[in-house]
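Heads up: the structure comes next, in structure tokens.
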Amino acid sequence: MSAVALEVRNVVKTFESDSGTINAVDDVSFIVEHGEFVALVGPSGSGKTTMLSILAALLTPTSGQVLIDGQDLARMSEGQRVGLRRKKIGFTFQSNNLIPFLTAAENVEFMLRLNGKLDKAGKLRSQELLSRLGLSDRLNNLPNQMSGGQQQRVAIARALIHSPTVVLADEPTASLDTERAYQVVKTFAALIHEDQRAGIIVTHDLRMVQYVDRVLQMRDGKLVKVLNDKKEILALAKGE
């Protein structure tokens, strides 16, 4: 297996507006390896959310390539992209998108069911994952019986359960208090490292980057800075 899980090559995404063409993503290139946890940060309008949607195969770039396990998304039909998204990508949205009539455990198991992998071992792993995220007493609760933070943790477990190549998280701590946010991102990082997934988190809370291996900073659609040094990353997390 190649060390590279995700490769982004010269990706551009343009949108037309009344004032002209906007480069939401402007010639961005980077790689993420298996077992690497990366933060994508930048001010509002920097292009990070558009970039994340492209990585999730929800948006098609205007030009450039995105490869997951060496497979070029641009060369796939829509049906093939849907299949790849289901099997190789885990995604958590700011709004958790849980199925309201399924319990916490059933919401997580749903991804296994979609991929034909729901067996006794899968159910056990679902329970273990939810327990690691502090939800052992919420397995049989419906979404409306849980807080927003608890629902978000269920969504994180759902994104990880089917062993995807790439795990993408869009502001996963937005509805959490500080202590729980630290716990969730720390556990998220541990699971990425243990299971050798490629993890990318978009966050506005720079305190959370202390748990990542690398920081990609975007501004005006461009990748303007890459932090690889742990001291630099910790300094950013502390606001230094």
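On a predicted model such as this, the values are computed, not experimentally measured, just so you know.
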List the atom of Gln65, the atom of Val11, and the distance in Å for their closest heavy-atom pair. O-CG2, 3.4 Å
For Lys87, look at atom NZ and say whether over 12 heavy atoms of other residues, nucleotides or ligands are found less than 6.0 Å away. no
Please tell me whether Glu16 and Thr21 have a donor and an acceptor in their side chains that are separated by less than 3.5 angstrom. yes
Taking the six-membered ring of Phe188 (Phe, Tyr or Trp), confirm whether the NZ or CZ of Lys186 is under 6.0 Å from its centre and within 45° of its axis. no
Taking the side chain as every heavy atom from C-beta outward, state whether Pro172 and Gln152 have any atom pair closer than 4.5 Å. yes
Let me check something: do Val12 and Ile22 share a hydrophobic cluster, defined by ILVMFWY side-chain heavy atoms less than 4.5 Å apart, either directly or through other members? no
Lys123/Glu128 salt bridge by N-O under 4.0 Å criterion: no
With a 4.0 Å cut-off on N to O distance, would you call Arg125 and Asp195 a salt bridge? yes
Beyond-backbone contact of Gln71 with Gln80, side-chain heavy atoms, under 4.5 angstrom: no
Donor-acceptor pair between Asp69 and Thr165 side chains, under 3.5 angstrom: yes
Within the structure provided, determine whether Thr50 and Leu59 are in side-chain contact (heavy-atom separation under 4.5 Å). yes
Shared ILVMFWY cluster between Val25 and Phe15, side chains joined below 4.5 angstrom? yes
Could you label the plane-to-plane angle of the His193 and Phe37 rings as parallel, tilted or perpendicular, counting under 30° as parallel and over 60° as perpendicular? perpendicular
For residues Leu168 and Leu55, report the shortest heavy-atom separation together with the two atoms involved. CD1-C, 3.8 Å
Do Val66 and Leu58 belong to the same hydrophobic cluster, where Ile, Leu, Val, Met, Phe, Trp and Tyr are linked whenever their side-chain heavy atoms lie under 4.5 Å apart, directly or via other members? yes
Count the heavy atoms belonging to other residues, nucleotides or ligands that lie under 6.0 Å from CZ of Arg113, then report whether that count exceeds 12. no
Salt bridge or not for Glu7 and Arg9, using N-O below 4.0 Å? yes
Give a yes or no on whether Phe30 atom CZ has more than 12 heavy-atom contacts from other residues, nucleotides or ligands under 6.0 Å away. yes
Any ion pair linking Asp229 and Lys231 (charged N to carboxylate O, less than 4.0 Å)? no
Could you report the tightest heavy-atom contact between Ser29 and Asn10, atom names first, then the distance? OG-N, 2.7 Å
Between Glu36 and Arg214, does any NZ, NE, NH1 or NH2 come within less than 4.0 Å of an OD or OE carboxylate oxygen? yes
Can any side-chain N or O of His34 pair as donor or acceptor with the backbone N or O of Ala3 at less than 3.5 Å? no
Flag if over 12 foreign heavy atoms under 6.0 Å of CZ, Arg219: no
Distance alone, cut at 3.5 Å: any donor-acceptor contact between the side chains of Arg153 and Gln150? no
Kindly work out whether a path of hydrophobic side-chain contacts (I/L/V/M/F/W/Y, heavy atoms less than 4.5 Å apart) joins Leu114 to Leu130. yes
